[in-house]
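Working notes, beginning with the structure itself.
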Amino acid sequence: FGVKKGKDEHAKKNRMTGREFFTRFPVLHPFLLKQMETVSSTVDRDGGNTKLHPSLFLLLLILSKLYPSPMDGTHSALSLAPFIPFIIRCGYCPVYRSREIAARALVPFVMVDQVLSTVSSLLT
């Protein structure tokens, strides 16, 4: 966040942990969660509706700039887990770029011990 510190857009030095982000800006957690709920409810899984919510890309872009924290396994009021179903739902968007950014955004939200079950549920 802020000034880009390297040429690689997805380099770790251009991102911050989800825990750090939501600790610095705690009011953004419920706001982003509510926005993700609204945005993901507009995604048409069958692909018949290609009208996208104006905030879809921006929300996913912000979430994709986060990366997992070593302390993510601990329970807190600023847990990243509630975002997962909404990000997955955004992955069903018929627009390729939206699916790509949803996939990038999902990575920091899946705990190491949940990777196998998450990948399995995405493939079914």
Side-chain angles (χ1 to χ4, degrees):
F1 295 105
V3 178
K4 196 162 48 166
K5 299 172 187 84
K7 291 184 181 194
D8 183 12
E9 188 72 26
H10 305 292
K12 199 171 187 177
K13 62 184 172 182
N14 289 329
R15 306 178 320 175
M16 72 173 58
T17 67
R19 186 176 197 83
E20 179 184 359
F21 179 75
F22 289 122
T23 301
R24 284 187 186 182
F25 312 105
V27 295
L28 283 181
H29 188 274
F31 174 76
L32 290 176
L33 191 58
K34 181 70 174 157
Q35 289 300 307
M36 280 302 298
E37 183 178 7
T38 303
V39 166
S40 67
S41 68
T42 64
V43 173
D44 185 7
R45 188 175 186 158
D46 298 328
N49 180 11
T50 55
K51 287 187 176 182
L52 299 177
H53 193 282
S55 301
L56 173 68
F57 189 78
L58 296 173
L59 287 167
L60 291 173
L61 184 65
I62 289 170
L63 296 177
S64 73
K65 295 293 183 182
L66 305 176
Y67 70 91
S69 167
M71 297 181 63
D72 278 344
T74 60
H75 295 286
S76 75
L78 303 176
S79 173
L80 302 179
F83 287 93
I84 294 174
F86 304 125
I87 296 172
I88 290 174
R89 197 175 312 151
C90 290
Y92 293 118
C93 181
V95 178
Y96 172 77
R97 185 70 173 136
S98 297
R99 291 192 313 267
E100 180 184 21
I101 197 79
R104 288 188 189 278
L106 184 61
V107 172
F109 291 87
V110 178
M111 299 294 140
V112 174
D113 59 336
Q114 297 174 340
V115 170
L116 188 58
S117 63
T118 303
V119 169
S120 176
S121 70
L122 288 172
L123 294 174
T124 58

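Throughout, residue positions are numbered sequentially from 1 according to the sequence presented.
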So do [Y] and [X] actually touch side chain to side chain, heavy atoms under 4.5 Å?
| X | Y | answer |
| --- | --- | --- |
| Phe25 | Leu32 | no |
| Met36 | Leu63 | yes |
| Val95 | Leu56 | no |
| Thr42 | Leu52 | no |
| Leu60 | Phe57 | no |

Using the rule that two of Ile, Leu, Val, Met, Phe, Trp, Tyr join whenever any of their side-chain heavy atoms come within less than 4.5 Å, decide whether [X] and [Y] are in one cluster.
| X | Y | answer |
| --- | --- | --- |
| Met16 | Val107 | no |
| Leu66 | Ile84 | yes |
| Ile87 | Leu123 | yes |
| Leu33 | Leu58 | no |

Closest approach of Ala81 to Pro85 (non-hydrogen atoms, all atoms of both residues)
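Ala81 and Pro85 have their closest heavy atoms at O-CD, 3.7 Å.
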
Work out which heavy atom in Gln35 is nearest to a heavy atom in Ser55; give both atom names and the distance.
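Here Gln35 and Ser55 meet closest at OE1-OG, 4.5 Å.
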
From [X] atom [atom1] to [Y] atom [atom2], the distance as rounded to the nearest 0.5 Å:
| X | Y | atom1 | atom2 | result |
| --- | --- | --- | --- | --- |
| Ile88 | Leu106 | CD1 | CG | 5.5 Å |
| Thr23 | His29 | OG1 | NE2 | 10.0 Å |
| Phe109 | Thr118 | CZ | OG1 | 13.0 Å |
| Ser98 | His53 | OG | NE2 | 12.5 Å |
| Ile101 | Leu59 | CD1 | CG | 11.0 Å |
| Phe22 | Leu80 | CZ | CG | 6.0 Å |

Okay, side chain of Thr38, backbone of Lys34: is any donor-acceptor separation there less than 3.5 Å?
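Yes; at least one donor-acceptor contact below 3.5 Å.
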
Donor-acceptor pair, Ser64 side chain versus Leu61 backbone, under 3.5 Å?
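Yes, the answer is positive, given that a donor and an acceptor are paired below the 3.5 Å cut-off.
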
